[in-house]
2 protein chains.
Amino acid sequence: MATETVENYLKAIMTLAAESPTREATVSRIAAVVGVTRGTATSMIKKLTAGGLARAERYGGVTLTSSGRRAASDVLRRHRLIETFLVRALKFDWSEVHEEAERLEHAVSPRLLERLDEFLGHPACDPHGDPIPGRAGVVIEPAAKPLSSCKVGAVVRIARVIDQSAAFLRFMAQHGLKPDAKAKVVALHAPAQSMEVEPHGRTKLVLALAAAEKILVHAGR
Amino acid sequence: MATETVENYLKAIMTLAAESPTREATVSRIAAVVGVTRGTATSMIKKLTAGGLARAERYGGVTLTSSGRRAASDVLRRHRLIETFLVRALKFDWSEVHEEAERLEHAVSPRLLERLDEFLGHPACDPHGDPIPGRAGVVIEPAAKPLSSCKVGAVVRIARVIDQSAAFLRFMAQHGLKPDAKAKVVALHAPAQSMEVEPHGRTKLVLALAAAEKILVHAGR
DNA sequence: CCGATATGTTTGAGTCGTCAAACTTTCGAC
DNA sequence: GTCGAAAGTTTGACGACTCAAACATATCGG
Ligand SMILES: [Mn+2]
Ligand SMILES: [Mn+2]
Ligand SMILES: [Mn+2]
Ligand SMILES: [Mn+2]
């Protein structure tokens, strides 16, 4: 069983890869996500490589091997099932669960995990819309595009909120911007790098494009 | 916040002290409970002492200071609330929850803990009948005596099962010997060091006195 | 009272994960 | 093309926790 630290690195590498499938995970980004210095990340990556969990060439990007991906998606499954459980069963706010799950994900047994999954009815997504990997390690990343890429007049359904910071999530919820909610793009202000959005049945608000990029949506209906 | 290791030592010291209030916790017992060598326990105890959590004189017993007791009862509270939650909410068997809680107790935040407590309606005891310390660190050890000390003919109500081993707990449950169940002592076989017990509405069984000592009971009714 | 045995302590070493700081390589702006 | 900043690596050190093994003390049965 991978150590708690190793699990955090694997998860960081996998989420970085999912975040921008174009570029591989880099040492600096991994270090930033895990919260260590670059030197520490380098030596840890060396260890992952030695253990057959990752591949990295000197001064190049870091990729997970198939067993690394398997282990990482296990951690992600635990993290997201826990988040879902905390929100659905214990009435946590979606802005509170990330930190909580960050520690619990290393302490739940396979047995407990299966109980949670069953209890929740095998959910496909967590409260933020992040897909929950299956028991076999398969992740289905739902095709969704950033809100920032939508045209004026577009009506969309929110699929996923990428930014996990509590402040951002609270702000989103306050305006009714949660997964499955509908919203309309009412204006684009290119020079100001912002857009105006009207959540269904709510007052409209202005979002910086950088923020709108953190919201993934499905086309209207 | 005390490290996970420190928490385990504190809990071990407190449960040993509660187990036999006559004699203080010893290095060997602590080492055995935590699962380390005596040398390791010695150095850890030195660290606890330096940190003001325990008191120990050379070649003498180990006691917790008031802040050590406070910290330990926090861990115990977490452990027992988690056990209760797993049994009541997630339908775990009472023989499975100890190990699970052993890890989770170090990963739940105060916030999550309070949610659990509220969800469960502020339970006084865990599934094994162990008392759950209050938020303020107060433990009320219910007065109960070992079944082994009961006379023939005595009708008792089970209060608490001390032995946390899965096999023992499964055996107990199989015979209806769970907290709050009633039972009658039908015979004593002093030479065989055993007693015969008839759980209410069940077939009677023979228990070694050593086993009966692990079952605490209230006098009949 | 005495020694065997149990119990406690010390020492030296190892693992894991981390940092700071010096160093090397890469890469983009000019 | 060059050069300076950004990114990656190496090194030496440290804290937390552990063990094995040598050692010291206590305790109990005879
Ligand atoms: Mn984590
Ligand atoms: Mn999430
Ligand atoms: Mn524990
Ligand atoms: Mn218990």
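What you see below is based on every heavy atom in this structure, not just the backbone, and it leaves out hydrogens, waters and symmetry mates. Numbers restart at 1 for each chain; the letters A, B, ... are given by sequence-line order, proteins then strands. Being a predicted model, the structure only gives us computed values, none of them experimental.
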Would you say [N] has OP1 or OP2 under 4.0 Å from some side-chain N or O of [X]?
{"X": "B:Tyr9", "N": "D:dT18", "answer": "yes"}
{"X": "B:Lys46", "N": "C:dT10", "answer": "yes"}
{"X": "B:Thr26", "N": "C:dG8", "answer": "yes"}
{"X": "B:Arg29", "N": "C:dA6", "answer": "no"}
{"X": "B:Thr3", "N": "D:dC17", "answer": "yes"}

### Task
Run through A:Glu83, A:Arg160, A:Lys178, A:His98 and flag the one making a side-chain hydrogen bond (donor to acceptor under 3.5 Å, both in side chains) with A:His128.
A:Glu83

Once you round it to whole Å, what is the distance between [atom2] of [N] and [atom1] of [X]?
{"X": "A:Glu57", "N": "C:dT25", "atom1": "CD", "atom2": "C1'", "result": "14 Å"}
{"X": "B:Ile30", "N": "C:dT7", "atom1": "CD1", "atom2": "P", "result": "13 Å"}
{"X": "A:Glu4", "N": "C:dG17", "atom1": "CD", "atom2": "C1'", "result": "12 Å"}
{"X": "B:His106", "N": "D:dA16", "atom1": "NE2", "atom2": "C1'", "result": "16 Å"}
{"X": "B:Leu48", "N": "C:dG8", "atom1": "CG", "atom2": "P", "result": "15 Å"}
{"X": "B:Arg23", "N": "D:dT27", "atom1": "CZ", "atom2": "C1'", "result": "12 Å"}
{"X": "B:Glu24", "N": "C:dG8", "atom1": "CD", "atom2": "P", "result": "11 Å"}
{"X": "B:Leu16", "N": "C:dT7", "atom1": "CG", "atom2": "P", "result": "13 Å"}

Closest to the [X] side chain: [options]?
{"X": "B:Val27", "options": "C:dT9, D:dA20, C:dG17", "answer": "C:dT9"}
{"X": "B:Lys47", "options": "C:dT9, D:dC17, D:dC19", "answer": "D:dC17"}
{"X": "B:Ser28", "options": "C:dG8, D:dA7, C:dT25", "answer": "C:dG8"}
{"X": "B:Arg38", "options": "C:dC19, C:dT7, D:dT9", "answer": "C:dT7"}
{"X": "A:Ser43", "options": "C:dT18, C:dG17, D:dA7", "answer": "C:dT18"}

### Message
I'd like to know whether B:Glu24 forms a salt bridge (Lys or Arg N to Asp or Glu O under 4.0 Å) with B:Arg55, so could you lay out the CA-CA distance, the side-chain angles of the two residues, the decisive distance to 0.1 Å, and finally the verdict.
### Response
CA-CA 11 Å; B:Glu24 292 167 312; B:Arg55 235 185 302 281; over 6 Å; no

Would you classify [X] as touching base, sugar-phosphate or nothing, given that sugar-phosphate means primed atoms plus P, OP1 and OP2, and contacts are heavy atoms under 4.0 Å?
{"X": "B:Thr5", "value": "sugar-phosphate"}
{"X": "B:Thr42", "value": "base"}
{"X": "B:Thr40", "value": "base"}

### Query
Aromatic rings B:Phe85 and A:Phe85: how do their planes relate, parallel, tilted or perpendicular, breaks at 30° and 60°?
perpendicular

### Query
Crowded around B:Arg29 CZ? As in, over 12 foreign heavy atoms under 6.0 Å?
no

### Query
Got a sec: does the CD of A:Glu114 have more than 12 other heavy atoms crowding it under 6.0 Å?
yes

### Modelled atom types, side-chain donor and acceptor of A:His79 and A:Asp126, under 3.5 Å
no

